[in-house]
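Have a look at the structure below, then the notes.
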Protein chains: 2
Amino acid sequence: MPKVVDREARRRAVAGGLLRLAARDGLEAVSVRSVAVECGISPGAVQKLFPSKEDMILRALELTEERLASRYASLADDAGLDAHLRQALPLDEQRREEVIMIIAFSARAAGRPDWGKLLAEGYRTIQDATAELLRRAQRDGLLDADRDAADLAAGLVALSDGFAARLLHLPPDSAEAHGLLRALDASVRALLGITSAGTPPATPGG
Amino acid sequence: MPKVVDREARRRAVAGGLLRLAARDGLEAVSVRSVAVECGISPGAVQKLFPSKEDMILRALELTEERLASRYASLADDAGLDAHLRQALPLDEQRREEVIMIIAFSARAAGRPDWGKLLAEGYRTIQDATAELLRRAQRDGLLDADRDAADLAAGLVALSDGFAARLLHLPPDSAEAHGLLRALDASVRALLGITSAGTPPATPGG
DNA sequence: GACGTCAGGATACGATCGTATCCTGACGTC
DNA sequence: GACGTCAGGATACGATCGTATCCTGACGTC
């Protein structure tokens, strides 16, 4: 046997470099060569790891989904719904990059059924994690038990995704951005059926 | 004076061709040559119309915003809130193309402040139109007058945008897609504060 | 320690890219 | 009707693209 290496680990590292590059310069700046430069390896090495450029980008999408899922999984146990939903918002550089990548992948997934399937599964995972949080709140009496947790979770995820996409195009500390965050907060409370007269904790699980 | 033509009309036509091409094959398939082929003119003619490829794509973004704004403007007078919010959903081929283009432009706008500004203005326009609809409902007594129309409109727009992005990656007539549409409906009613016991018309303005 | 094997890199290929430049022909003025 | 002007097209350029292919050297077995 000749030199043995962990191909999968290398693939993951290259996918990570791709995400760094794409978040900085856009997915349109991704090429086999530019990714190789970003990772400090030769274009030939990148070629050996992925059968095609398309497969390389798909692997980066998978990595993004993995990261998102693990972030939600590690948060679900000890944080409230607010913190949960904020995972989808571009409030710091890391989450901003993730939002940009998901949007870029969404655009490319049009006409690529397998990419769309991956994205749909990612949404489903986040919705399920959110629904689980809501069901716990229902058991604890913090949320009306008559509400459909799955439907409500879908609404909450869509809400934060919609605000996330819009926040991307506003300066982070602008008045308009703060106004949107306030509107998101009010919308979440309205969706949950919390009246303005409610007492803290205003959102379940916090 | 030599041959005189309406440059602006030609630019608009080429931008329209670009949108057709990009909705079909993705924004990454757009090149000066491919757009020229799509429009049935020579690449040289495209070059004469736009100083650069970047400007050409920016013009296509502007055209998309124009189309969206006029769609919302023509609808606001005689349709209900449901029909209004459905403008953002990929429920037919035309709206599906528009959603894809907005998402593709959103991805490219990262790091391009002027593009982001155009997108932010587009969101603002749609939110304002929605808020106007809500204020009318408040005057008509169909909606609680205490609610902040602007915040509520921001929430409704984000909600439909979030569901729109997710619907893109599901087969139009799948069970999951129908489930999402049902969840959207329930979320809109919850946001508006309409209880399940409410009598029709369930949403204002319809 | 000779040798096979494959990782990593170098090189090469045709295709396509954005754009600069030149050509040409139709329209306008006078 | 001669002529200037610019729209539209053709051509050309260097750069970069994805990928196929070849080279080389380190590691493994025996």
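In the text below, chain A, chain B and the rest are named by the order of the sequence lines, each starting its count at 1.
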Quickly work out the [X] [atom1] to [N] [atom2] distance and round it to whole Å.
X       : N      : atom1 : atom2 : result
B:Leu49 : D:dA7  : CG    : C1'   : 9 Å
B:Leu58 : C:dG18 : CG    : C1'   : 17 Å
B:Phe50 : C:dA20 : CZ    : P     : 16 Å
A:Gln47 : C:dG8  : CD    : C1'   : 11 Å
B:Asp6  : D:dG8  : CG    : C1'   : 16 Å
A:Glu28 : D:dT16 : CD    : P     : 16 Å
A:Ile41 : C:dG9  : CD1   : P     : 7 Å
A:Glu54 : D:dG18 : CD    : C1'   : 11 Å

Q. Of B:Lys48 and B:Pro51, whose closest DNA chain C nucleotide lies nearer the 5' terminus?
A. B:Pro51
Q: State whether B:Arg33 places a side-chain N or O below 4.0 Å from either non-bridging phosphate oxygen (OP1 or OP2) of C:dT16.
A: no
Q.
Is the phosphate of C:dC17 approached by B:Ser31 (side-chain N or O, under 4.0 Å from OP1 or OP2)?
A. yes
Q: Scan side-chain atoms only and decide if B:Thr125 and B:Asp128 contain a donor-acceptor pair under the 3.5 Å cut-off.
A: no
Just by distance, do the side chain of [X] and the backbone of [Y] share a donor-acceptor pair under 3.5 Å?
X        : Y        : answer
B:Arg166 : A:Asp161 : no
A:Ser34  : A:Ala29  : yes
A:Gln138 : A:Asp144 : yes

In Watson-Crick or G-U wobble terms, both distances under 3.5 Å, what is the partner of [N]?
N      : answer
C:dG1  : D:dC30
D:dG25 : C:dC6
C:dC13 : D:dG18

Q) With distance as the sole criterion, do the side chain of B:Lys53 and the base of C:dG18 form a donor-acceptor contact below 3.5 Å? A) no
Q. Taking everything shown except A:Arg12 itself, do over 12 heavy atoms lie less than 6.0 Å from its CZ?
A. no
